[in-house]
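Here's the structure, in structure tokens; my notes come after.
By convention in this document, chain letters (A, B, ...) are assigned in the order of the sequence lines, proteins followed by strands, and residues within each chain are numbered from 1.
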Protein chains: 2
Amino acid sequence: MKIGDLSKKTGVSLRSLRYYEEQGLLQPERSENGYRLYSPFAVDQVRTIQLYLRLGLSTEQIAGFLHCVMKNKEAFCREIMPVYETKLREIDEQIASLTAIRSNLIERIEAIRGESASTKGEIP
Amino acid sequence: MKIGDLSKKTGVSLRSLRYYEEQGLLQPERSENGYRLYSPFAVDQVRTIQLYLRLGLSTEQIAGFLHCVMKNKEAFCREIMPVYETKLREIDEQIASLTAIRSNLIERIEAIRGESASTKGEIP
DNA sequence: GTTGACCTTCACATCAATGGTAGGGTTTAT
DNA sequence: ATAAACCCTACCATTGATGTGAAGGTCAAC
């Protein structure tokens with residue numbers, strides 16, 4: 001299958017498919033004329049890549065375990081657990097940071113509402 | 001006060017001070033030799049800029065209300081409320097997105113723990 | 001009059017995945 | 001044989017605040 005076919009089947013752009021290859025996530029054969037040739041299996045592989053990208057993993061992290069995950073279940077790829085744990089910690093940090101900012105914002109919003117209301121004499 | 005002084009007083013790098021000027025957040029005078037000259041007031045102003053940056057606002061957004069906020073209390077700057085509200089919505093979206101990813105990650109981590117434990121016969 | 005500590009502008013690099021484009025080769029259908 | 005529809009590589013751009021460095025002007029102290 002050529003790159004355009006794979007793109008249509010997966011909904012992933014040509015640009016991204018070539019990028020995934022550059023990052024070591026795909027290794028298509030090449031035909032005589034230099035065209036990339038993908039096995040039907042590549043459709044699954046690209047979907048799997050996208051799944052992990054949506055989890056916020058980098059192509060580098062994905063490259064570290066994709067090979068294993070395409071052959072086995074996640075539970076049998078020991079490379080994957082530390083990646084998940086690292087990512088989970090990162091996400092918890094990000095959520096904590098955003099939550100703090102959120103509280104700060106809400107405080108400010110309420111302070112403004114309160115002050116501008118009292119300024120307008122709306123709270124006698 | 002020259003840029004080095006302002007940098008030391010605020011802990012903000014020269015690079016960032018010049019960037020803030022480029023973004024319209026600071027308008028120092030210039031001495032005859034072309035050096036930036038800041039009023040003592042600029043210290044407060046830079047601290048205020050940093051405060052808003054830490055809230056996740058962009059220099060462009062800050063530029064929209066900084067002038068007002070440096071003279072009045074936030075409650076009197078009508079430009080600020082929509083910015084806060086927009087930012088709050090963004091943050092809520094980000095938290096929601098991260099929370100969804102977090103749940104997905106935790107599910108996967110637990111699935112792996114479960115499977116690898118049962119594989120090892122640790123759960124009889 | 002020279003050293004060193006300032007200051008200036010300009011410009012490139014960062015991070016990461018993706019979009020876009022230019023310039024050129026191949027294949028397929030008419 | 002030509003046009004349409006593919007494919008290739010190799011770039012540059014995006015985002016936004018900041019780091020870094022070159023090339024050079026200014027100034028104070030000695």
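Between B:R89 atom CZ and B:I91 atom CD1 the span is 12.0 Å, to the nearest 0.5 Å. Atom OG of B:S58 sits about 7.5 Å away from atom NZ of B:K87, to the nearest 0.5 Å.
For the pair B:L17 CG and D:dG19 P, the interatomic distance rounds to 10 Å; values are reported in whole Å. To the nearest angstrom, P of C:dC7 lies 16 Å from CZ of B:R15. In this structure, B:L14 places its CG atom 12 Å from P of C:dT9, rounding to the nearest Å. What separates OH of B:Y35 from P of D:dG24 is a distance of 16 Å, to the nearest Å. Rounded to whole angstrom, the span from the CD atom of B:E60 across to the C1' atom of D:dA17 amounts to 14 Å. A straight line from CD of A:E21 to C1' of D:dC7 spans 13 Å, rounded to a whole angstrom. A straight line from CG of A:L25 to P of C:dT18 spans 10 Å, rounded to a whole angstrom. Atom CG of B:L55 and atom C1' of D:dA17 are 16 Å apart (whole Å).
Under 4.0 angstrom from either OP1 or OP2 of C:dT26 there lies no side-chain N or O belonging to A:R30. OP1 and OP2 of D:dA17 both lie 4.0 Å or more from every side-chain N or O belonging to B:R54. Between B:S16 and D:dT18 there is a side-chain N or O to OP1 or OP2 distance below 4.0 Å. The side chain of A:R36 places an N or O atom within less than 4.0 Å of a non-bridging phosphate oxygen (OP1 or OP2) of D:dC8. Between A:N33 and the phosphate of D:dC8, there is no side-chain N or O to OP1/OP2 separation shorter than 4.0 Å. Note on B:T59: every side-chain N or O is 4.0 Å or more away from OP1 and OP2 of D:dG16.
Considering only side-chain atoms of A:K8, the nucleotide from D:dG19, D:dC7, D:dC6 that sits closest is D:dC6.
Using a cutoff of 4.0 Å between basic side-chain nitrogens and carboxylate oxygens, B:R30 and B:E21 are scored as salt-bridged. Look at A:R113 and B:E85 and you find a salt bridge, because one of the NZ, NE, NH1 or NH2 atoms lies within 4.0 Å of a carboxylate O, short of that distance.
Each of B:D5 and A:L57 lies near DNA chain C, and the nucleotide nearest B:D5 is the one positioned closer to the 5' end.
In terms of polar N and O atoms assigned as donor or acceptor, the side chain of B:R18 never comes within less than 3.5 Å of the base of C:dT8 in a complementary pairing. A donor N or O paired with an acceptor N or O is not found under 3.5 Å between the base of C:dG19 and the side-chain atoms of A:Y19.
Residues A:L26 and A:L51 share a single hydrophobic cluster, defined by chaining ILVMFWY side chains whose heavy atoms lie under 4.5 Å apart.
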